[in-house]
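Reviewing the structure listed below.
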Number of protein chains: 2
Amino acid sequence: MGDDEVRWLKPDELQAWMTLAGLMFKLPAALDVQLQRDSGLTHFEYLVLAGLSESPERSRPMSDLAGFANGSLSRLSHVVKRLEQRGFVRRCPSPADGRITVATLTDAGYEELVAAAPGHVATVRQYVIDALTPEQLSQLKTIGDQILQKVDPGRAC
Amino acid sequence: MGDDEVRWLKPDELQAWMTLAGLMFKLPAALDVQLQRDSGLTHFEYLVLAGLSESPERSRPMSDLAGFANGSLSRLSHVVKRLEQRGFVRRCPSPADGRITVATLTDAGYEELVAAAPGHVATVRQYVIDALTPEQLSQLKTIGDQILQKVDPGRAC
DNA sequence: ACGATTAGGTTGATGCGTCAACTGATGGTT
DNA sequence: AACCATCAGTTGACGCATCAACCTAATCGT
């Protein structure tokens with residue numbers, strides 16, 4: 001593998017990258033800490049409940065839900081099993097297509113989400129939204145979308 | 001807890017946040033996939049080796065290294081133990097202060113890092129640097145630093 | 001100088017995520 | 001109609017991160 005011509009990162013590129021790397025390590029951890037402490041939920045679990053709550057019938061196929069929550073189907077399956085054991089979610093096969101499993105948010109799950117939401121939203125505001133100007137927020141969305149397109153082309157074609 | 005006055009996210013705030021959330025989930029995963037497949041290293045392990053390589057004597061106290069790699073001391077301890085078993089790192093107590101353990105990069109560890117670096121840098125370029133304009137890169141650094149200051153105040157006082 | 005407190009690291013148990021293998025259902029082919 | 005390939009989802013084993021408990025060395029107070 002003749003890798004003689006590596007384009008190393010220039011100082012300012014390196015700095016920007018290290019900042020982003022730090023962000024990727026610390027922001028998820030900080031969000032999980034708050035949610036776990038105040039609500040006993042993971043950020044991923046929160047996204048699952050939220051994804052169900054905003055769907056018609058509070059129901060959604062597993063694959064669909066996995067895409068929304070940015071996780072693999074396998075991960076979702078494990079998580080939903082635990083959420084089901086806690087009484088927050090139900091699962092039943094779709095009558096239309098026997099391969100599809102539809103997850104449904106229970107009343108208890110909805111209560112849990114409603115209880116967790118204010119604290120979570122406040123944290124997101126504190127760490128992200130209120131730390132930036134509206135213009136920066138819009139820059140962030142543009143930048144994030146561009147990176148995501150490279151990382152994961154073909155999400156939402 | 002009278003949380004009657006929750007400041008929910010406005011649509012554009014929500015969109016920006018969901019983009020950032022997607023980024024936090026997918027970018028680390030994508031980086032780990034490349035490093036793991038091509039070099040058998042985690043991104044965190046890579047940062048540990050890199051942090052040692054750029055230090056005088058290729059050595060650094062554990063706490064210092066943990067801060068550089070954005071991880072807890074406990075996590076670093078486990079990881080360094082594995083890296084030591086693989087022959088990439090040595091550990092010995094500091095003669096100056098018996099509490100301190102200094103980790104040292106071995107020649108084998110340096111070789112490993114040198115072998116992994118080009119592929120990793122190319123991936124970072126592909127996913128991040130080359131996806132953005134120089135101006136966006138500078139915006140990203142500013143934005144990331146502002147968020148990090150909220151998330152983790154008192155890193156690099 | 002001696003006891004208490006703090007700082008730096010390590011360890012073991014627990015829980016979650018990933019991967020590969022597998023099951024069942026559906027659609028297409030001949 | 002029988003078969004094969006594909007799709008949706010589940011499961012179990014394995015590896016890593018987290019947390020709490022613990023240990024030793026250094027420092028502080030008196």
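Below, read A as the first sequence line, B as the second, and so on, with proteins coming before strands; counting in each chain starts at 1.
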**Item:** Check against side-chain contact (heavy atoms from CB on, under 4.5 Å), A:L35 and A:T42
**Value:** CA-CA 6 Å; A:L35 270 172; A:T42 307; over 6 Å; no
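Among pairs with a residue in residues 119-151 of chain B, those fulfilling ring-ring contact (aromatic ring centres under 6.0 Å, His included) read B:H43-B:H120, B:Y46-B:H120, at least two apart in sequence or across chains. Applying the side chain to side chain donor-acceptor pair (under 3.5 Å) test to residues at least two apart or on different chains, the pairs with a partner in residues 94-103 of chain B are B:D97-B:R99. Judged as a salt bridge (Lys or Arg N to Asp or Glu O under 4.0 Å), the pairs with a partner in residues 29-50 of chain B (not counting sequence neighbours) are, in order, B:E45-B:R86.
For B:F68, the ring pair (Phe, Tyr, Trp, His ring centres under 6.0 Å) criterion is met by no residue, not counting sequence neighbours. Legend: residues meeting side-chain contact (heavy atoms from CB on, under 4.5 Å) with A:Q139, ordered by chain and number and at least two apart, are A:E135, A:Q136, B:Q139, B:I143.
Using a 4.0 Å cut-off between charged nitrogen and carboxylate oxygen, A:R91 and A:E84 count as a salt-bridge pair.
Contact check of residues 43-82 of chain B against DNA chain D (heavy atom, cut-off under 4.0 Å) returns B:S72, B:S74, B:R75, B:H78, B:V79, B:R82. Non-hydrogen atoms lying under 4.0 Å from DNA chain C are contributed by nothing in residues 28-38 of chain B.
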Only distances under 3.5 Å count here; give the side-chain donor-acceptor pairs of residues 11-18 of chain A to other protein atoms, sequence neighbours excluded, each with its distance to 0.1 Å.
{"residue": "A:E13", "atom": "OE1", "partner": "A:K10", "partner atom": "N", "Å": "2.9"}
{"residue": "A:E13", "atom": "OE1", "partner": "B:R125", "partner atom": "NH2", "Å": "3.1"}

Donor-acceptor list for residues 103-118 of chain A side chains, cut-off 3.5 Å, not counting sequence neighbours:
{"residue": "A:T104", "atom": "OG1", "partner": "A:S59", "partner atom": "OG", "Å": "2.8"}
{"residue": "A:T106", "atom": "OG1", "partner": "A:G87", "partner atom": "O", "Å": "2.7"}
{"residue": "A:T106", "atom": "OG1", "partner": "A:F88", "partner atom": "O", "Å": "3.2"}
{"residue": "A:T106", "atom": "OG1", "partner": "A:A108", "partner atom": "N", "Å": "3.4"}
{"residue": "A:T106", "atom": "OG1", "partner": "A:G109", "partner atom": "N", "Å": "3.0"}

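Think of the region where chain A sits on DNA chain C: with heavy atoms and a 4.0 Å cut, that region ends 5' and 3' at C:dC16 to C:dT26.
If you chain together ILVMFWY residues whose side-chain heavy atoms come under 4.5 Å of each other, B:V102 ends up grouped with B:I100.
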**Asked** With the sugar-phosphate defined as primed atoms, P, OP1 and OP2, and the base as all remaining atoms, what B/S/- string results for nucleotides 1-6 of chain D, 5' to 3', for protein heavy atoms under 4.0 Å?
**Response** ------
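Taken together through direct or relayed side-chain contacts under 4.5 Å among Ile, Leu, Val, Met, Phe, Trp and Tyr, B:V6 and A:V124 form part of one hydrophobic cluster.
Proximity of B:V128 to B:L27: side-chain heavy atoms (C-beta onward) are separated by under 4.5 Å at one or more points.
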